[in-house]
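Given the structure is predicted, the values throughout are model-derived calculations rather than measurements.
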Amino acid sequence: MTTASQAITAVKVPQAVAAGAYHSLFLRKDGAVWAWGQNVAGQLGTGSTNSTPLSQPSQVNGLPAIKAIAAGIAHSLALDVDGHVWAWGQNASGQAGLGTAGGTVLIPTRVAALSGIQAIAANGNFSLALGADGRLWAWGQNASGQVGTGTTSASVTTPGVVQGLPTVRAMAAGVNHVLALDADGKVWGWGQNTSAQVGTGATSAAVLVPVQVGGLPRAKAVAAGTGHSLIVDEQFGNVWAWGQNTFGQVGTGSTSATPVVTPRPVDGVFAVTVLVAGHNSSMALIGNGLAVAWGHNVSGQLGNGGTANSASPVGVTGVSDATALAAGAQHAMALRPGCPVWTWGNNGQGQLGTGSTSSTPVTAPGTALIANTFYFDGDMDGFGDEYIAEQACDPSPGFVEELDCDDYSTTTHPGATETCNGADDNCDGVVDDGNPSGGEDCATGKQGVCAAGVTACTQGSMVCQQRQAASAEQCDSLDNDCDGATDEGNPGGLLACATGQQGVCGEGVTYCTHGALECVPTQGASSEVCDGKDNDCDGQSDDGLAFQAWYRDQDGDIYGLTSTSVLACLQPAGHVPNGGDCNDNNPAFNPGAPEVCDGVDNDCDGQVDEGTSCGVASASKLAAGFNHSLAVKQDGTVWAWGRNSEGQLGDGMQTNGSTPVQAQGLTGVAAVLAGGRHTLAVKQDGTVWAWGRNSEGQLGDGTMTSRSTPVQVPGVTGVAALVAGVFHTLALKQDGTVWAWGWNNEGQLGDGTTTNRLTPVRVPGVTGVTAIVAGDNRTLALKQDGTVWAWGCNTEGQLGDGTRTNRLTPVQVPGVTGVAALVAGDFHTLALKQDGTVWAWGRNSEGQLGDGTTTSRLTPVQVPGVTGVTGVAAFFAGGYHTLALKQDGTVWAWGRNSEGQLGDGTTTNRSTPVQVTGVTGVAALVAGDFHTLALKQDGTVWAWGWNNVGQLGDGTITDRPTQVQVQGLSL
């Protein structure tokens, strides 16, 4: 019959002892913790405090299986087998690590902040834990910096990693200082240093960060007391010590009130295996367990039969077989064979665990009331029955120390060989674990890959299990599905593959042949046809066939860019036969599109607005200076109103006018432009005429004489466009060159100097220009490639090159391409891209950039919410507001509005675009410094904003925040 068995689940850990100031702990090999002694702070874990000591050892309840213990002055720590830390007792300094400070912790409580811990330590009112990763954690009292935070504090209530340490393998807690042993055998110290115990070579109040202790050999163990420190060297097992030596605890052979500031060897101890420190004493185990001690002995804690202090090591009476030591404030403990726990020294708080308390020193070791557990071994296999047990120092005949899971079978016990018998032979709780006798090759009797098997122990019997289960057939010459056939069904075949040949001959499918997949062509070579393929497999597609040009068409308007042509015999996808497109991102621009009056080249013939009712361009029919306005009628005459103090109206007078008056002697005019206080006109014959202020040569007639009637600008013909700043003028010729004259104090003429010019000079370095604009003292040009170039004043970043540096010659504005149109205010600039978005840069004090801020911009930023724009106008000579005309004929404005120039019915500045109230059907816009003009599609002219000298043309000098019609004028 099969013998039933039970699993051995009890934990087995090394026994250990720990000593607090006045209490003691013992860790049994089954992972249980026992405690006795002082309990005023709940350090015994009984669930309560008691002023009466507990002199009889008592088990600490509420703990899982424990593998290590530690004790501080009045608190206790335990480390469970899963690497978690538990704490109980005094918590005035947060030494329990629970996140709070104060009071006591009466039952063991897990320190939630810690996991993966391999060792713990305590001594004073703080705690240490060493992680499996070699990091050291600390918490509790920090008055001397012993927690290693780099500062001092009353308490640290949550564990934190001590910074500045290499990988640590061991540590020791003194009463107020710490020693750490790193993986290389170096020793580090920090905390209280009044007796030089940290190892800096000198005394000091405290050391707040870890420092390496000098003058030491490679160490293998460390220990720390109240004011002294010790190590065991790795090579010989000698002890080195330093720090306080009042009681001889450094082991120099004599006592001294002066600390020992550098480490020195302790004479008479060698081959040390265990080293501990009491508050003012030291203890070590030599060789196989010989105990020696030195230092303070007022309570007999040296265990040598007397109470005299000893500055040299003395033997602990009768202890030559100890396996572990612990030392408290004035008592000591040892683990020995037989009765495990031996104690001596002070017993005033019952800390010796003998069942009594006494103030009389106990000067020699005696046994505490702790016994071993032994079990009766019925089957005499060395393992006993847990239900027949005895408590004793040594076992009675027939009793053993280890448990059996089946005391009726000599072949069943921990460590026995597992066999395939359906029983748990080795008492680990698993039957036939490790597949005993299994793993040998065998035959299953099935076909294909299912035929190969391996022996396995199943339910106490050996069976042959197939190594590989049946699966879908693969191309490998094996019978994968175990049906007796190999590679049937062409597995892995008929998948697309490449044969390595050219053209259509390179297209193949896979075919399973003799266990391998081959790529077979799906078609052979044939005569070439126009299908974009290499039909004859000679490496060329459609060779020998007729080809034509096809153009990529991205916007779907059946026209493509000439630069994107390809030659093919068939129409490629996304391509059309028509070239000549000038904007392949917008279907409204192509050679077949109608030209409309919008200031751009809709039909891609290189001309703007040709053949439309607006002639040169609707915007060119209006002009606005600082505070005067102009318009060109269909008959080519020029009409002006507003300020005339310098003859800028051109009527031969210097009298302001609040309604339009005709400029003298001008007919056949195509466009007008206004500077700050001067005016220009381009006739249909390409000649340029000017009048008004000329103090800086801005009229270009070779003089500085102001003119109240038009005079021709000599040497300027073939003009495509004119612009004017406050005191300078520029002309764009039909050949794409730019000419300039007038004021040049900040390089606005772009000729590389700051010299004023009374007649036109060519701006070097710019060709292929399609449009120009001028601000207060600067100029910008738009080239055919959509790039923007600028020169002149840049104090507000209005050139857009990312600086505030004036430029005497043109520089490219970075970050803006694909530009369709430009405008310029006094100190700000705007660009309309071909995609309908508007970008701005320069001064933004009044929100004139429209980006929702009043922050000036040195490089272009997009004006949000403004798309679908057909034209943009701003001051040509200093202004702080901006307008946009959308394709739906509505007008939007932003920037300064102190005179109502935004036309929204208010005088409130706007940093983002607002719609101009009631203005629709607009064909063109222009803006003066503080007023705005609009030409509607019905030919009427409307105005709003500043009107101090009649520049609105409504017959008054009243400012208007909404539109009014210019009297007596129709274009």
Side-chain angles (χ1 to χ4, degrees), residues 1-13 29-31 65 67 81-83 132 375-388 400-493 495 510-518:
M1 92 186 222
T2 301
T3 304
S5 64
Q6 58 189 34
I8 300 297
T9 57
V11 173
K12 298 176 75 173
V13 297
K29 63 184 178 182
D30 62 1
K67 65 179 180 181
V81 294
D82 293 325
Y375 308 95
F376 180 71
D377 181 12
D379 58 8
M380 300 184 67
D381 60 1
F383 298 87
D385 187 342
E386 66 175 318
Y387 300 111
I388 307 176
V400 294
E401 189 174 6
E402 301 296 335
L403 273 174
D404 203 342
C405 62
D406 184 352
D407 202 37
Y408 297 95
S409 171
T410 58
T411 60
T412 303
H413 58 76
T417 300
E418 194 77 14
T419 61
C420 185
N421 58 5
D424 178 15
D425 301 295
N426 58 10
C427 296
D428 64 354
V430 181
V431 174
D432 295 341
D433 54 310
N435 190 25
S437 302
E440 299 294 328
D441 289 338
C442 60
T444 65
K446 298 179 181 180
Q447 293 182 329
V449 297
C450 301
V454 61
T455 57
C457 180
T458 303
Q459 296 181 345
S461 300
M462 298 301 298
V463 298
C464 184
Q465 294 180 343
Q466 63 189 65
R467 289 184 179 273
Q468 187 173 336
S471 62
E473 198 69 19
Q474 302 176 41
C475 185
D476 54 7
S477 293
L478 297 176
D479 178 12
N480 306 102
D481 56 6
C482 304
D483 64 351
T486 299
D487 294 344
E488 74 275 12
N490 190 25
L495 297 178
T510 56
Y511 192 83
C512 182
T513 303
H514 301 100
L517 288 172
E518 296 183 0

Heavy-atom nearest pair, A451 first then K446, reads CB-O, 3.1 Å
Residues that Y375 engages under ring pair (Phe, Tyr, Trp, His ring centres under 6.0 Å), provided they are two or more places apart
none
Taking C-beta and beyond as the side chain, do E402 and H413 meet within less than 4.5 Å on heavy atoms?
no
Report the distance from atom OG1 of T444 to atom CD of Q468, rounding to the nearest 0.5 Å.
11.5 Å
So, the side chain of D377 versus the backbone of D381: is there a donor-acceptor pair under 3.5 Å, distance only?
yes
Check: E440 main-chain N/O paired with T455 side-chain donor or acceptor under 3.5 Å
yes
Drop me the distance from C457's SG to Q465's CD, to the nearest 0.5 angstrom.
10.0 Å
Show the nearest heavy-atom pair for residues P414 and L403, with the distance to one decimal.
CG-O, 3.4 Å
Distance from C405 atom SG to D428 atom CG, nearest 0.5 Å?
8.5 Å
Heavy atoms, side chains only, cut-off 4.5 Å: are D406 and C427 in contact?
no
Using side-chain heavy atoms (C-beta onward) and a distance below 4.5 Å, is D481 in contact with E488?
yes
Any V454 side-chain heavy atom under 4.5 Å of C464 side chain
no
Enter the distance from D424:CG to D432:CG here, rounded to the nearest 0.5 Å.
9.0 Å
